[in-house]
Each structure stands twice: as C-alpha cells, then as structure tokens.
There are 2 protein chains.
Amino acid sequence: MTDSTRSRVKTAAAKRQRLMAAAAQVVHRQGAERTTIADIAHAADVPVGNVYYYFKTKDELVAAALAEHARQLEILTGRLEALADPRERLKSLVESWVSQRDLAARYGCPTGTLAAELDKRDDGGLDVEAGRVIRLLIDWAERQFRELGQPDPEGLALTLVSAYQGMSLLANALRDPSIMTRQGARLLDWLDSLPEAPAV
Amino acid sequence: MTDSTRSRVKTAAAKRQRLMAAAAQVVHRQGAERTTIADIAHAADVPVGNVYYYFKTKDELVAAALAEHARQLEILTGRLEALADPRERLKSLVESWVSQRDLAARYGCPTGTLAAELDKRDDGGLDVEAGRVIRLLIDWAERQFRELGQPDPEGLALTLVSAYQGMSLLANALRDPSIMTRQGARLLDWLDSLPEAPAV
DNA sequence: GTCTATAACGCGATAGAC
DNA sequence: GTCTATCGCGTTATAGAC
C-alpha cells in the first residue's frame, strides 16, 4: 500500500465515520422516516450524491446509526467497569441517564425511540438489530446484578432498563426533564435498598 | 332537519367514525409516517379520494387517531370506576395491560409509540396533543393514589405509567410478550406493598 | 475515487365531473 | 355529498462526467 493509497483510504474511512455519527445524531432528532439522505450528508459535510458510495441504501445508513449507538454504549459501560462495586456501576449508569435529561426530554432515548420506530415495519431485519442493541444494555446490567448476588438478575435488569425507557418516553412526551431527575432518584433509592447478599 | 338530511348526516358521521377507528388502528401498526391516506381509506372501506371530505389534511387524521385513543382510555377508566377500592382499580389497570401483551409485543403502546414519533417533529402541535393523552392516564392514576392516602401521588402515578411505557417498549423491541407478564407481576406486588394509610 | 445531473417513483393534495 | 383523474413536490437511487 503506497502512502497516497493509505491517505486516500484514511480519508474515505474518516468520511464514513463522519456519516455514521451524523446519521446517529440526525436520526435521533428527526426519526428515521423523516430523515433524508440529504439531511445526513449535510450534517456530515459530505456532498449529497456521494453518500451512496459509502452506503448503498438508506437502510444501511440507519443500520450504521444503530451501530454507532452500540459503540457509544460500549464506551459508557467500559468506563463504568473502572468502579469496583457493581452497585456503584449501576448507580453511576442511572446518574449518566439523569445527566442527559435535557436531550431525553427533547428527543427521547436514541436507541429506544429508534427501536420503536423500526418495529413498525414488517420488512427487513432492522427492527431485530435495534432489539440487539437494547439487549446489550440489559445483558450488561444483568451481569452487575448477578455479581451483587441478586436472585433473578435478568428480571432486575429488565426492570432497570424498562424504567429508563419509560422515564425517557414520558420526559419526552411531556417535555419535562425533571421527570428524569425524579424517577432517577427513585431508581437510586431502589438500587441502594437491594441487600448485598440476599438469603437464598 | 328533514329525515333525508338526518339520514345523510348519520351516514356521514358513521363514515367519519369508521375513518377515526381505522386511523387509530393503522397508525398504531405502521406508524404515522409510513401510513398513507390510502391505507386508512382502505381499512375504513371508504373511497380514497373521498377522505379529504372528512379530514382536510393527513395531520387531521393523526389528530383523530389520538382522539380515538383518548376515547378508548376513558372507556377503560370508566369501567374501572365500578371497583370500590382504588388499589383494586390500579391493579385491574395493570391486568388489562398484561392482557394486551401480544399487541404490545408487536406494536407497542398505541399512545406511547405515537407520542414518541410525533415528538420528532418541530412543526405543528400534534406532539403536545399526544402528551395530553398520556397526561389523562397519569392524572387518573394520581387520583387513585391520592384516594389511597399515599404521599406524593403524582410521583407514584408517574412511576406506574413510566413502568407501563417501559415494559411495552421492551416487549416490542425484543418481541417478547412475556416481558409484559413478568413486569406486570412486579407492578402488582408493588401496588400490594403500598400501606393503606401511611404515617405522615 | 469523487461528485453532478437527472431518472423513476410514491405521496399528499386539488380540481372538477357526477 | 361522492368520487376520479391528475398535478406538483420531495424523495431514493442511478448513470455517467470528471
């Protein structure tokens, strides 16, 4: 590979990455259906017609947005692993949700709203892909509850993520960020109330 | 008003009602954006071009779908008022959610998914209207918690509706109706655990 | 590899015959 | 009051110049 080739590849990869990030952001704000290729191209500062060189269809761009959300989630959980106590990891997760309250009140949870939208389709497997991204979060939470020695860690993980999706949707529908703060506080109390090693 | 006029009016009103019910159903399944006027007209068995006689724009049809959901909600809560104990009313509400688990797993909560979709717009006031329908449910639940003598009835109502929206979204995203059953059971336990008249 | 011009299509909305 | 034919627009996707 020559230098010029490498530089061209690097530019192409960078453009592709810019398009992925732009797709994630614009789709979060406008929804997949209302977002046009031109919207994403403009946000990524890439010529409109050129987008098809990187993504053959619009659905591929939506899939890219999902992958970008999955990447962001992995970055977040990766940071949380630095904490020694799984309970602290979970509480820190809740706190990061609350810190995003203004964004959630305006556009909802990026993955949750996208999953809901894609589930209205009968074609393609994009809806299944969205479910997989949400599963990543549930599975991570389940591992934390298991480490805490909780019975039914999957049920607890489901409850936690369900609470997050619910409070995001309500904060969004009622345009009220304080819902995130108030319900987040309830979740923190709940996590604190769980016994360290419950009787079996 | 002559007999013939009344009969014409009655037919027109009936057609309008059919269109409202069809809009609610089709929009729930396909989402507002993917639903075309033709889809609704076909479901209501009304000639396609004739729809505009009853609803001037597509947005008016979406608003009609929201109104239909509000009407269904009032029918449900009206039935629950027959129960003497507010705790039983709330538990019965949860049970009705669980009984709709297959529909929720396929298309989510009708009002919640529609609200999330409409909140992606910056125009019109349809998103605010969707928030109002969700508020109806929260306010009703709040009255029940207040009758139960609970402190912070609004917070409890928010938690309950939030849990419903969250479990509906997860059941939908993961295509798993058993999530409604399991999280519904948790909600019933929670309602049972609330003291009748807590210390002030 | 990059970008422009345009084809092909589906949709909401309207005009006007019945 | 009812319905059909059609316009105009915005969109995805492609063909092909550079």
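In this structure, CG of B/L61 is placed 13 Å from C1' of C/dA13, rounded to the nearest angstrom. Between A/R34 atom CZ and D/dT11 atom P there is a gap of 10 Å when expressed in whole angstrom units. Atom OH of B/Y52 is separated from atom P of D/dT2 by 17 Å (rounded to the nearest Å). Between A/Q30 atom CD and D/dT11 atom P the separation is 10 Å, expressed in whole Å. In this structure, A/D123 places its CG atom 15 Å from P of D/dT12, rounding to the nearest Å. A/Y53 has its OH atom 17 Å from the P atom of D/dA15, to the nearest Å. Across the protein-nucleic acid pair, A/E33 atom CD and C/dG12 atom P stand 12 Å apart, rounded to whole Å. Between B/F55 atom CZ and D/dG1 atom P there is a gap of 15 Å when expressed in whole angstrom units.
Nearest nucleotide to the B/K15 side chain, out of D/dT2, C/dG12, C/dT2: D/dT2. When distances run from any side-chain atom of A/N50 to the nucleotides D/dC3, C/dT2, D/dT12, the shortest one goes to C/dT2. Of the listed nucleotides (D/dT12, D/dC3, C/dG12), D/dT12 has the atom at the smallest distance from the side chain of A/K58. Ranking D/dT12, C/dT14, C/dG1 by closeness to the A/T36 side chain, first place goes to D/dT12. Listed nucleotides D/dT2, D/dT12, D/dC3 differ in distance to B/P47; the shortest reach to its side chain belongs to D/dC3.
At a cut-off of 3.5 Å, with distance as the only test, no side-chain donor of A/D59 or A/T57 sits close to an acceptor on the other residue.
Within the 4.0 Å cut-off from OP1 or OP2 of C/dT2, at least one side-chain nitrogen or oxygen of A/Y54 is found.
At least one donor-acceptor pair under 3.5 Å links the side chain of A/Q144 to the backbone N or O of A/W140. When atom types are taken as modelled, the side chain of A/R89 and the backbone of A/L83 share a donor-acceptor pair closer than 3.5 angstrom. In this structure, B/N172 contributes its side chain and B/R106 its backbone to a donor-acceptor pair below 3.5 Å.
Looking at B/E129 and B/R132, a side-chain N of the basic residue comes within less than 4.0 Å of a carboxylate O on the acidic one, giving a salt bridge.
For A/D39 and A/G49, each mapped to the nucleotide of DNA chain D holding its nearest heavy atom, the one lying further toward the 5' end belongs to A/D39.
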